[in-house]
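The structure under discussion appears below in the form of structure tokens.
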4 protein chains.
Amino acid sequence: MPDDSSHDPQELPHDDWRSYGPPQLPRVLESALSAFAEQGYHGTSIRDIAGGAGLSVPGVYHHYRSKQEILLALMVSVMDELLSRSRAALASVSDRPEDRFDVLVESLLRFHMFRRSQAFVASSEIRSLDAENRDRYVRLRDEQQQMITDIVSAGCVSGDFATAYPEDAARAVATLCVGVASWYRDDGPLQPDQLVRRHLGLARALVGGT
Amino acid sequence: MPDDSSHDPQELPHDDWRSYGPPQLPRVLESALSAFAEQGYHGTSIRDIAGGAGLSVPGVYHHYRSKQEILLALMVSVMDELLSRSRAALASVSDRPEDRFDVLVESLLRFHMFRRSQAFVASSEIRSLDAENRDRYVRLRDEQQQMITDIVSAGCVSGDFATAYPEDAARAVATLCVGVASWYRDDGPLQPDQLVRRHLGLARALVGGT
Amino acid sequence: MPDDSSHDPQELPHDDWRSYGPPQLPRVLESALSAFAEQGYHGTSIRDIAGGAGLSVPGVYHHYRSKQEILLALMVSVMDELLSRSRAALASVSDRPEDRFDVLVESLLRFHMFRRSQAFVASSEIRSLDAENRDRYVRLRDEQQQMITDIVSAGCVSGDFATAYPEDAARAVATLCVGVASWYRDDGPLQPDQLVRRHLGLARALVGGT
Amino acid sequence: MPDDSSHDPQELPHDDWRSYGPPQLPRVLESALSAFAEQGYHGTSIRDIAGGAGLSVPGVYHHYRSKQEILLALMVSVMDELLSRSRAALASVSDRPEDRFDVLVESLLRFHMFRRSQAFVASSEIRSLDAENRDRYVRLRDEQQQMITDIVSAGCVSGDFATAYPEDAARAVATLCVGVASWYRDDGPLQPDQLVRRHLGLARALVGGT
DNA sequence: CATGAATGAGCGTTCATTCAT
DNA sequence: CATGAATGAACGCTCATTCAT
């Protein structure tokens with residue numbers, strides 16, 4: 001099994017969490033990503049993946065032990081990058097809940113714009129993970145959700161936010177950001193910064209901020 | 001091919017759009033629904049569907065010409081019920097944008113609570129529809145989205161709502177309601193009326209209502 | 001799964017244990033038998049079996065759940081016929097150990113001549129059975145071996161046989177009979193009755209009979 | 001291709017044909033042997049063999065051109081050792097048929113005890129040899145069988161043996177000895193010398209010796 | 001509607017084998 | 001000898017679908 005760790009986003013601390021180059025996925029994952037995004041995990045064959053990666057079928061199995069392992073590698077890599085960028089975003093601001101909220105939402109929005117298909121696959125193929133892998137993955141996702149909830153709760157305590165139901169609001173914020181991956185297009189009418197500004201406004205409204 | 005139109009929800013005008021009995025799907029669709037919800041369209045075999053419906057495989061083909069036709073029938077039936085309930089909800093109130101918004105959002109929320117798996121499958125399996133069927137279905141879905149956008153726009157004109165970007169806000173409202181299907185559980189901590197109240201508040205915040 | 005019990009040798013009591021018609025195996029087993037005999041279980045593909053049976057690959061799976069199940073069905077059917085004929089043979093003679101020995105050996109010899117490939121596959125593919133199936137099969141085989149051992153032991157007690165090591169001798173007798181399946185040919189120089197006579201002589205010598 | 005002839009048993013004249021050290025097979029053949037013994041030739045992959053030998057897959061191909069060549073090398077080496085020991089055994093006694101018979105049977109028995117899996121694989125995988133290799137191997141095996149037949153025939157002429165069908169008896173003797181490989185265990189109840197004594201008795205009985 | 005039988009195509013996976021380094 | 005990368009062919013098995021009864 002080859003060493004793919006060079007592609008592991010953890011190794012690249014996303015101190016510049018706002019900048020997105022082209023995703024650095026190994027060929028097989030790249031191919032699997034677009035196939036899963038279009039046809040889903042079960043609708044994609046190893047031959048599809050191999051073809052998209054310019055490999056033969058056994059060539060794919062040289063790198064990954066099974067189709068399931070490809071899915072897992074893909075989803076973990078996505079979640080790793082998301083978490084890494086979220087942490088970097090939070091590390092770049094003060095302790096004020098408002099600032100922390102803004103920067104985290106912005107990071108989520110940008111990720112769901114610029115890693116559209118990754119984010120989409122990661123959220124839609126959880127059920128295709130084996131029980132064990134699913135547990136492992138869900139823990140990562142919950143960690144991300146908790147980051148939002150914690151900030152919203154802190155903001156309620158501090159009086160920066162006014163929602164009576166911080167957890168519901170936090171979930172709505174996450175839903176809003178994740179939803180972006182379902183409709184955003186690079187070539188759409190909305191410029192990234194525009195999108196961020198507008199949706200940050202919506203997110204603030206959800207938590208009863210100013 | 002037998003006539004299944006007797007199951008068409010359009011025939012039952014949902015004048016009581018708030019009340020949800022058990023869904024009235026033919027056995028095959030019922031079985032397909034839960035299978036698609038758990039494993040997706042491509043992860044489900046005709047044998048799965050037949051087994052779940054207590055039918056033989058040819059028995060399934062007696063009712064539907066293909067697996068694709070099952071998916072289409074299911075998705076159209078879901079959308080029909082959703083639209084039918086939305087129209088009934090709107091028909092039950094005045095012309096005031098605030099009332100219309102509230103009632104439509106409430107209807108959407110209730111549908112995504114009480115037709116959880118239907119709504120989930122309908123939104124996640126669009127890509128599994130044939131090109132032709134997909135067009136047909138998307139038109140229905142756009143119709144639903146347009147209902148929200150129209151009301152939000154009207155509210156902005158009338159001064160009831162204050163958002164600067166009615167279309168983005170309307171989409172966020174829809175995302176919020178659809179998202180409910182992803183996490184709501186009958187046996188969860190939130191009572192239906194409670195959920196409606198809280199999320200109606202969130203929806204109003206999104207459009208800058210009071 | 002179709003009912004193959006009509007081919008089950010247990011249902012035809014082999015009261016005429018000496019007479020061998022053509023084997024009455026279902027087409028799939030017939031095909032598997034000759035393929036296994038020539039190339040072994042692992043050297044035989046489902047496509048080989050299907051082709052030999054005049055079926056498509058799924059056609060084979062309509063009758064048997066797996067390749068392993070084919071092997072098991074084959075081996076059990078062989079052992080059933082062998083045991084059934086052995087019992088019939090013993091049931092046809094007196095209690096005298098000499099008679100019982102002669103008739104059992106004759107039955108074994110004839111079986112290994114006229115069910116050559118069956119016997120060969122049954123003895124050579126035990127290792128290809130799953131652990132569970134192997135246990136089940138080995139019990140049947142031990143039962144057959146025990147029939148010989150019991151008779152030899154009885155003959156030693158009665159003084160009909162003179163061997164000092166009845167168990168070793170009984171195993172040698174079985175080895176002798178089973179070995180026939182490795183070299184006997186229908187079109188060989190030795191007539192069946194001739195073969196039986198000569199090898200019955202050898203078997204008697206092994207137990208120190210007269 | 002490296003020269004493996006240093007492992008060729010012909011170079012170690014088995015003048016002490018009774019003594020068995022651990023088998024001196026090259027690692028690849030050693031690994032192939034145990035794999036073939038357990039799962040058969042077709043049930044064994046090159047990766048199995050490589051793993052068992054502590055080699056990489058290309059490492060195996062460094063020593064042998066193909067899987068088939070491994071099988072051939074293994075079977076020839078087994079047969080070489082068997083024949084070499086048989087000749088050494090015969091060279092150690094007088095011309096008396098009885099002595100020659102005893103010593104040859106003893107050698108065969110010991111070989112099938114102490115080279116159990118070798119003997120088993122050699123006899124069960126003949127069908128897995130290519131046509132050409134099979135011919136070459138069968139000639140060796142026939143040579144071994146002929147040694148027995150010749151001695152039995154000589155004993156009949158000299159009056160030492162009393163069987164009316166020397167060839168059948170000789171084959172039965174071989175079958176008896178070969179059969180030992182199917183059930184003998186190092187840790188079984190029968191000591192090697194005991195086993196030899198008892199089975200020599202059985203072999204003598206087969207040829208009508210005293 | 002059921003059962004039973006069937007099939008072409010395709011599934012995920014592994015095979016023996018090769019070559020560059 | 002190892003590692004790493006690769007491949008055409010084949011593996012056991014399942015797919016959606018059909019037809020006769």
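The chains referred to below are lettered A, B, ... by the order of the sequence lines, with proteins before strands, and numbering in each begins at 1.
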According to a strict under-4.0 Å criterion, is [X] in side-chain N/O contact with OP1 or OP2 of [N]?
| X | N | answer |
| --- | --- | --- |
| C:Ser56 | E:dG8 | no |
| A:His63 | F:dA6 | yes |
| C:His62 | E:dG4 | no |

For E:dG12, give its Watson-Crick or G-U wobble partner with both distances under 3.5 Å, or none.
-> F:dC11

Can you tell me the pairing partner of F:dC1 across any strand shown, Watson-Crick or G-U wobble, with both distances under 3.5 angstrom?
-> none

Among [options], the nucleotide that comes nearest once only the side chain of [X] is considered:
| X | options | result |
| --- | --- | --- |
| D:Pro58 | F:dG12, E:dT18, F:dA16 | E:dT18 |
| A:Val57 | F:dT17, E:dT14, F:dC1 | E:dT14 |
| B:Ser45 | E:dT7, E:dC15, F:dC15 | F:dC15 |
| A:Ile46 | F:dT7, E:dT13, E:dA16 | E:dT13 |

Rounded to whole Å, how long is the line connecting atom [atom1] of [X] with atom [atom2] of [N]?
| X | N | atom1 | atom2 | value |
| --- | --- | --- | --- | --- |
| A:Arg27 | F:dA6 | CZ | P | 6 Å |
| C:Ile49 | F:dC11 | CD1 | P | 11 Å |
| C:His42 | E:dC15 | NE2 | C1' | 14 Å |
| D:Tyr64 | F:dC1 | OH | P | 11 Å |
| C:Glu69 | F:dC13 | CD | P | 10 Å |
| C:Leu55 | E:dT7 | CG | C1' | 10 Å |
| B:Tyr61 | E:dC1 | OH | C1' | 16 Å |
| B:Lys67 | F:dC15 | NZ | P | 9 Å |

D:Tyr41 side chain to D:Gln68 backbone, donor-acceptor under 3.5 Å | yes

Determine the contact category for B:Gly54: base if any of its heavy atoms lies under 4.0 Å from a base atom, sugar-phosphate if only primed atoms, P, OP1 or OP2 are that close, otherwise nothing.
-> sugar-phosphate

Could you check whether A:Gly59 gets within reach of a base, just the sugar-phosphate, or nothing at all, counting any heavy atom under 4.0 Å?
-> base

Does the side chain of [X] reach to within under 4.5 Å of the side chain of [Y], using non-hydrogen atoms?
| X | Y | answer |
| --- | --- | --- |
| B:Ser31 | B:Phe36 | no |
| D:Glu132 | D:Asp135 | no |
| D:Asp48 | D:Gln39 | yes |

Closest non-hydrogen atom pair, B:Lys67 against B:Thr44 = NZ-O, 2.7 Å

So, for C:Leu33 and C:Leu74, which heavy atoms are closest and what is the spacing to 0.1 Å?
-> CA-CD2, 3.7 Å

Expressed in whole Å, how much space separates the C1' atoms belonging to E:dC1 and F:dT21?
-> 13 Å

Any N or O donor-acceptor pair linking the side chain of A:Arg47 to the base of E:dG10 at under 3.5 Å?
-> no

Does any N or O donor sit under 3.5 Å from an N or O acceptor when you compare the side chain of A:Arg65 with the base of E:dT14?
-> no

Given that A:Tyr41 and B:Val60 both sit by DNA chain E, which one's nearest nucleotide is further toward the 5' end?
-> B:Val60

Assert: residue with more 5' nearest nucleotide on DNA chain E, out of D:Ser66 and A:Ser66, is A:Ser66

